[in-house]
Amino acid sequence: MAKFYDTLLWEYISDPGKKWLSLDDLAEKYFDYKMISYDEVTGKSQINFKEVSLEEASIYSWEDVYITAKIYAEQQKKWIISDKTLNDIEIPLLEVLKNMEVTGVRISKEKLQEIGKYLAEEIIKEEKIILEIAWENFNIKSPKQVWDILFSKMGLPQWKKTKTGYSVDSEVLESLAFHYPIARHIVNYRQYTKLQSTYVEGLSKLIYEPTSTIHTSYNQTIASTGRLSSTNPNLQNIPASNGLWGSIREAFLPFGENDVLVSFDYSQIEVRLLAIMSEDENLLGSFQNGVDIHANTGYFLFGKDDISSDERRIAKAVNFWVIYGISPFGLSKMIGIPQNEAREYINKFYEQYPKVGDFFKKTIEFCEKHGYVETIFGRKRFITSINDSNSIIKKAWEREAINMPIQWTSADIIKLAMIQIDTFLREKNMQSKMIMQVHDELVFNVVSEEFEIIKKEIPAIMEHIISAPISLKVDMWVGKNWRECK
DNA sequence: CGAGGAGCGA
DNA sequence: ACGTCGCTCCTCGA
């Protein structure tokens, strides 16, 4: 019940700044209907709900369900059916997602167990060291107890706050690790237990034994940015880094002996969309001429052609983060440079790509005037709180407003690609299957005879979803497990 | 059972 | 005050 209520009320999910109404309020607003209140059912003495007579409890519960269904139907009339994007994208996508969910992904339980065994040993080692240094038994998994040990008992310096006290997250611990080895060991312990509980044990629990597969659920109605989300398990946050973390992906296998996993991902899709939508000549030009975009930005940030690898790293970060309306403070923290330097780079970026700034400005002005922003596919996102009198709140919604058209457009592009790919695979009677979507990446189980055609056709479909002055670019990766696809 | 902290992905 | 959006795990107090 709560799920429908939470996810399908369009005007509420599309305007996060707006105050939420309760189900009772909505019933009154839409149907002029007064619902039975909880207090009425439990009476003056506020008895426990299980003491309420079955008849009364039934009516009360029925009302909840009925009103929810009515509101859902209303919203369908108002939003779902009238919205073209819904008929062209979301509805056709339903079956594509269903097929991916049913197909599943093959996982090696043995591989997971192997990793798990190693982790279990490391966890014991780290635990032993930490408890020895602390000279006391405590639960390392509890941030509160970690704080007690480190700061109350050992007297380490402390500064970062959380809502309810002091933070002991990895950033804090890292900064202490050089002088206080215990902090390093706690970081290690956290990494090992995170891998163990979330990925090794979490994934193992969800394996369907007869076929050694896991079957996620993709949700189309959760993310305010129009992206999909994935649960049970979440396949969109499997570790991707080097070393031990990446080893989880080794457990993701093709179905058949002769099959391979093939991954296609959109390269720099958000920066490309920024170029297309802002129509900035310099940004478009750097993609048109096949120039390396990061080198191009680096040239303007540092005024020279032969930028060092560190300068390239900065240029790459600036290209990436500007899309999110990042502040000098944020950028400096993110890439470890002084704040004034970060400010200079951000300014230079806007100088070099002037229409990007214009585009952001126009987007914000449009939103202030109309109360929504929209994508090139004509999808709207209502942000009325952009006119908030509190400048901090306003700034936050402004960042939302400039990022949303880009992120939502990229989400729509990959959704359209998925629909077309699904049609292609079915029409050609292909045995290969689309098995995962990770925001800008699609993963396929490819049978060997079909590799050449997949390699040719899938990127072609993905790259031609929209026609624009510059094309979208897709990279391909092949492997005998998911880790090799990079 | 739910809030809060922590940490993974794009 | 200072990127956004998600999901899952754990602890802890009601």
Side-chain angles (χ1 to χ4, degrees), chain A residues 2 7 13 16 138-148 160-174 186-187 189-203 205-206 216-241 244-246 248-249 265-266 268-270 317-318 320-335 339 342-343 346 360 381 383 390-408 410-411 414 436-442 482:
Chain A
T7 58
I13 61 173
F138 72 104
N139 187 349
I140 309 161
K141 292 190 182 108
S142 160
K144 188 173 172 294
Q145 293 186 36
V146 167
W147 184 85
D148 281 342
K160 191 171 161 186
K161 289 212 163 189
T162 65
K163 236 191 273 183
T164 55
Y166 289 99
S167 171
V168 283
D169 66 11
S170 63
E171 192 197 347
V172 172
L173 295 179
E174 286 289 350
I186 293 174
V187 169
Y189 178 87
R190 287 224 184 112
Q191 294 199 348
Y192 295 138
T193 52
K194 172 81 181 177
L195 271 171
Q196 185 78 298
S197 63
T198 304
Y199 297 107
V200 173
E201 289 168 2
L203 286 175
K205 261 186 271 176
L206 293 166
T216 189
S217 297
Y218 290 104
N219 198 322
Q220 291 168 268
T221 61
I222 294 287
S224 55
T225 50
R227 305 223 278 209
L228 296 176
S229 78
S230 156
T231 56
N232 289 313
N234 179 358
L235 289 185
Q236 297 178 322
N237 77 340
I238 305 298
S241 0
L244 185 60
W245 282 101
I248 299 293
R249 290 193 175 209
D265 68 328
Y266 280 110
Q268 303 154 330
I269 187 166
E270 298 198 339
V318 172
F320 182 74
W321 289 106
V322 161
I323 296 172
Y324 301 98
I326 200 171
S327 67
F329 175 88
L331 185 66
S332 77
K333 202 168 143 191
M334 209 60 70
I335 56 178
Q339 209 167 314
R343 179 173 295 110
I346 294 173
F360 288 162
R381 159 97 186 254
I383 306 179
N390 180 334
S391 70
I392 291 159
I393 293 175
K394 176 164 170 49
K395 277 264 178 287
W397 290 119
E398 284 180 0
R399 283 196 297 276
E400 282 278 312
I402 63 168
N403 178 243
M404 179 268 163
I406 299 169
Q407 199 174 127
W408 206 329
S410 109
I414 198 162
M436 286 190 277
Q437 192 256 36
V438 191
H439 305 307
D440 64 356
E441 172 187 10
L442 293 174
W482 197 12

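Below, chains carry the letters A, B, ... as their sequence lines are ordered, and counting in each starts from 1.
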Expected rows: protein N/O vs nucleotides 12-14 of chain C N/O, under 3.5 Å:
| unit_1 | atom_1 | unit_2 | atom_2 | d |
| --- | --- | --- | --- | --- |
| C/dC12 | OP1 | A/Ser142 | OG | 2.6 |
| C/dC12 | OP1 | A/Gln145 | NE2 | 2.9 |

Exercise for the section: Give one of base, sugar-phosphate or nothing for A/Ser170, where a contact means two heavy atoms less than 4.0 Å apart. Expected result: sugar-phosphate
Handout entry: Between P of C/dC7 and CG of A/Asn234, the distance in whole Å
Key = 7 Å
Problem - Close side-chain approach of A/Tyr166 to A/Val172, heavy-atom, < 4.5 Å - result: no
Practice task
Grab the CD1-C1' distance between A/Ile323 and C/dC5 for me, whole Å please.
Solution key: 15 Å
Practice task
Could you check A/Met436 against A/Leu442 for side chain to side chain contact (heavy atoms under 4.5 Å, CB included), going step by step and ending with a plain yes or no?
Solution key: CA-CA 6 Å; A/Met436 286 190 277; A/Leu442 293 174; over 6 Å; no
Practice task
Check whether any side-chain N or O of A/Thr231 sits under 4.0 Å from OP1 or OP2 of C/dC7, and answer yes or no.
Solution key: no
Fill in the blank from the handout: Against the side chain of A/Glu400, the closest entry in C/dC9, C/dG6, C/dC5 is C/dC5
Practice task
Look at all strands and tell whether A/Lys194 reaches a base, only sugar-phosphate, or nothing, counting heavy atoms closer than 4.0 Å.
Solution key: base
Problem - Spacing between A/Gln220 atom CD and C/dC7 atom P, to the nearest angstrom - result: 14 Å
Practice task
With heavy atoms under 4.0 Å as the rule, sort A/Arg227 into base, sugar-phosphate or nothing.
Solution key: base
Fill in the blank from the handout: side-chain contact (heavy atoms from CB on, under 4.5 Å) filter on A/Ser170, not counting sequence neighbours, yields none
Handout entry: Greater than 12 external heavy atoms within 6.0 Å of A/Lys144's NZ
Key = no
Handout entry: A/Asn237 CG - C/dC5 P separation (whole Å)
Key = 17 Å
Problem - Atom-pair distance (NZ on A/Lys395; C1' on C/dT4), nearest Å - result: 17 Å
Completion exercise
Residues at least two apart in sequence or cross-chain that pass side-chain contact (heavy atoms from CB on, under 4.5 Å) with A/Ala223, listed by chain then number, are A/Thr225, A/Arg227
Practice task
Figure out the CD/P separation between A/Glu270 and C/dT4, and round it to whole Å.
Solution key: 14 Å
Problem - Point-to-point distance, once rounded to the nearest 0.5 Å, from CD of A/Gln339 to NZ of A/Lys333 - result: 10.5 Å
Handout entry: Rounded distance [0.5 Å steps], CG in A/Leu235 versus OG1 in A/Thr216
Key = 4.5 Å
Practice task
Name the nucleic acid region contacted by A/Gly330, choosing base, sugar-phosphate or nothing; use a 4.0 angstrom heavy-atom cut-off, strictly under.
Solution key: sugar-phosphate
Handout entry: Residues in side-chain contact (heavy atoms from CB on, under 4.5 Å) contact with A/Asn139, at least two apart in sequence or another chain
Key = A/Lys141, A/Ser142, A/Gln145
Fill in the blank from the handout: Taken to the nearest whole Å, CD/A/Glu201 to P/C/dC10 is 7 Å
Exercise for the section: Please find the earliest and latest nucleotides of DNA chain B, in the 5' to 3' direction, that have an atom within less than 4.0 Å of any heavy atom of chain A. Expected result: B/dG4 to B/dA10
Completion exercise
To the nearest angstrom, the OH-P distance between A/Tyr324 and C/dT4 comes to 11 Å
Exercise for the section: Identify whether any heavy atom of A/Ile238 sits under 4.0 Å from a base atom; if not, whether one sits that close to sugar-phosphate; answer base, sugar-phosphate or nothing. Expected result: sugar-phosphate
Exercise for the section: Please work out if A/Asn403 contacts a base, only the sugar-phosphate, or nothing of the nucleic acid, heavy-atom cut-off 4.0 Å. Expected result: nothing
Handout entry: side-chain contact (heavy atoms from CB on, under 4.5 Å) partners for A/Leu195, two or more places apart
Key = A/Leu119, A/Tyr199, A/Pro239, A/Leu244, A/Trp245, A/Ile248
Fill in the blank from the handout: With the side chain defined as heavy atoms from C-beta on, A/Asn232 is closest, among C/dG6, C/dT8, C/dC9, to C/dT8
Fill in the blank from the handout: Value for OH (A/Tyr266) from CD1 (A/Ile414), rounded to nearest 0.5 Å, stands at 6.0 Å
Exercise for the section: Pick the C1' atom in C/dG3 and in B/dG4, then give their distance to the nearest Å. Expected result: 22 Å
